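Here's the structure we're looking at; comments come further down.
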Amino acid sequence: MAPKNSSWNPFDDEKEAAKSFSLNPFDDDDDDKEVEKRFTSSLKPSGGKENQTVQELESYAVYNSEETTKTVQGCLKVAEEIRCDASKTLVMLNEQGDQITRTHQKTVDLDHHLSRGEKILGRLGGVFSRTWKPKKSRSITGPVITKGDSPKRNVIDLKTREKLGLNPSLKPKSKTLPEAVDAYQKTQMEIAKQDEALTDLSALLGELKNMAVDMGTAIERQTNELDHLQDNADELNYRVKQSNHRARYLLRK
């Protein structure tokens, strides 16, 4: 037989769920305990929602709206951190692309000096010797300059647009809100905060999409440049081996 004082309370299940699941994954454990205590203390220990007072139900609504606001603001904070890392990645890709271009340009200089050495080796060998000509499978064309915006320039332009106010500000706005006097006004204030944060989050996600496209374009372009650089390096390596073989032949004569 069940105890006389036992009664089914649907809010007991909510209390147990609140212990194992937090509505806001961005809060730490101390904040969760404080919020949970504030929430559970506003409800009666027995009875369903229909047995709660209007004030207790209003407190419950305010609590949920505040938790939703914290969750949305937490998502916005994470997106801002991702945007910061993406900006650094774009700058790094730009510097890497410049390094590939400089390295590829060195192959052109090496081809120029190697061609002069090949001509000298071809003329050596005596009066009756046949002029030696190295075999070339392909010409060294150097780096391929493609049209397109630089990722670094895109990041700089993004910061410039923010300074000029052309992009939505992603930082908390210092807008003075009217002081809430009742639960309805508090809930409406939280909804306004959520709308503001969601607007910023939407704009930020659009920027992250464009930055991801820029990353993909830069990586694809650099992959093609590396393939081209590898072909040029293989050709130069083959010609250097031929020149060394010719030099050893002349030394043995």
Side-chain angles (χ1 to χ4, degrees), residues 24-26 70-115 118 134-173 194-243:
N24 189 353
F26 301 98
K70 291 180 181 179
T71 301
V72 175
Q73 291 177 345
C75 292
L76 180 61
K77 181 179 179 181
V78 171
E80 289 175 346
E81 293 175 353
I82 295 175
R83 176 182 176 276
C84 181
D85 293 337
S87 300
K88 296 178 181 178
T89 302
L90 283 172
V91 174
M92 181 191 67
L93 286 173
N94 180 78
E95 295 174 350
Q96 179 175 283
D98 291 341
Q99 182 64 37
I100 294 174
T101 301
R102 289 193 297 269
T103 303
H104 208 165
Q105 187 62 43
K106 291 295 183 181
T107 63
V108 178
D109 299 337
L110 181 59
D111 174 60
H112 175 70
H113 295 298
L114 183 59
S115 297
E118 289 170 343
K135 296 180 180 179
K136 297 181 180 181
S137 60
R138 65 192 306 272
S139 60
I140 305 301
T141 58
V144 178
I145 306 300
T146 57
K147 295 181 179 180
D149 293 334
S150 169
K152 185 176 182 180
R153 184 164 58 251
N154 288 344
V155 176
I156 296 175
D157 179 68
L158 186 63
K159 295 179 179 179
T160 303
R161 289 176 60 86
E162 286 182 356
K163 291 181 180 179
L164 295 176
L166 299 178
N167 281 350
S169 176
L170 301 178
K171 297 181 180 180
K173 300 179 178 62
Q194 296 166 22
D195 291 340
E196 182 179 340
L198 288 173
T199 300
D200 291 343
L201 181 61
S202 177
L204 197 150
L205 291 177
E207 292 180 3
L208 289 178
K209 175 185 176 182
N210 294 333
M211 296 172 81
V213 172
D214 291 337
M215 290 182 194
T217 302
I219 292 174
E220 182 179 1
R221 181 172 59 250
Q222 292 177 18
T223 300
N224 295 333
E225 291 176 354
L226 287 173
D227 292 339
H228 190 201
L229 176 59
Q230 180 65 43
D231 294 338
N232 287 342
D234 292 341
E235 174 64 17
L236 290 174
N237 184 49
Y238 175 69
R239 288 168 54 188
V240 168
K241 289 181 178 180
Q242 289 187 92
S243 299

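Source: prediction; values computed, not measured.
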Nearest 0.5 Å please: distance from the [atom1] atom of [X] over to the [atom2] atom of [Y].
{"X": "Leu204", "Y": "Arg83", "atom1": "CG", "atom2": "CZ", "value": "6.0 Å"}
{"X": "Leu208", "Y": "Asp85", "atom1": "CG", "atom2": "CG", "value": "10.5 Å"}
{"X": "Leu236", "Y": "Leu110", "atom1": "CG", "atom2": "CG", "value": "5.0 Å"}
{"X": "Leu226", "Y": "Ile100", "atom1": "CG", "atom2": "CD1", "value": "4.0 Å"}
{"X": "Ile140", "Y": "His112", "atom1": "CD1", "atom2": "NE2", "value": "14.0 Å"}
{"X": "Leu205", "Y": "Cys75", "atom1": "CG", "atom2": "SG", "value": "9.5 Å"}

**Request:** Would you please test Glu220 and Thr217 for side-chain contact (heavy atoms from CB on, under 4.5 Å) and show each step?
**Result:** CA-CA 5 Å; Glu220 182 179 1; Thr217 302; 5.8 Å; no

Mind listing the closest non-hydrogen atom pair of [X] and [Y] along with its distance?
{"X": "Ala79", "Y": "Leu201", "answer": "CB-CD1, 3.8 Å"}
{"X": "Leu114", "Y": "Ser243", "answer": "CD1-OG, 3.9 Å"}
{"X": "Ala197", "Y": "Val72", "answer": "CB-CG1, 3.5 Å"}

Any [X] side-chain heavy atom under 4.5 Å of [Y] side chain:
{"X": "Thr107", "Y": "Thr103", "value": "no"}
{"X": "Pro143", "Y": "Glu225", "value": "no"}
{"X": "Asp111", "Y": "Ser115", "value": "yes"}

Would you find a donor on one side and an acceptor on the other, under 3.5 Å apart, between the side chain of [X] and the backbone of [Y]?
{"X": "Thr199", "Y": "Asp195", "answer": "yes"}
{"X": "Gln242", "Y": "Lys135", "answer": "yes"}
{"X": "Glu235", "Y": "Ser137", "answer": "yes"}
{"X": "Gln222", "Y": "Leu93", "answer": "yes"}

**Prompt:** Do any pairs count as a ring pair (Phe, Tyr, Trp, His ring centres under 6.0 Å) and have a residue in residues 210-236, sequence neighbours left out, and if so which ones?
**Reply:**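 The answer is His104-His228.
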
**Message:** Using side-chain contact (heavy atoms from CB on, under 4.5 Å), reason through Glu95 and Val91 one step at a time and then give a plain yes or no.
**Reply:** CA-CA 6 Å; Glu95 295 174 350; Val91 174; 3.8 Å; yes

**Message:** Using a 6.0 Å cut-off, check whether atom CD of Glu81 has over 12 heavy atoms from anything other than its own residue.
**Reply:**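 Yes, enclosed.
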
**Message:** Which residues pass the salt bridge (charged side-chain N to carboxylate O under 4.0 Å, His left out) test with Glu118, not counting sequence neighbours?
**Reply:**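 Glu118: salt bridge (charged side-chain N to carboxylate O under 4.0 Å, His left out) contacts with Arg239.
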
**Asked** Does the pair Met211 and Thr89 meet the rule for a side-chain contact (heavy atoms from CB on, under 4.5 Å), with working shown?
**Response** CA-CA 10 Å; Met211 296 172 81; Thr89 302; over 6 Å; no

**Message:** Could you check whether Gln230 and Asp234, counting side-chain N and O atoms only, form a donor-acceptor pair closer than 3.5 Å?
**Reply:**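 Yes, because at least one side-chain N or O of Asp234 sits under 3.5 Å from a partner of the opposite role on Gln230.
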
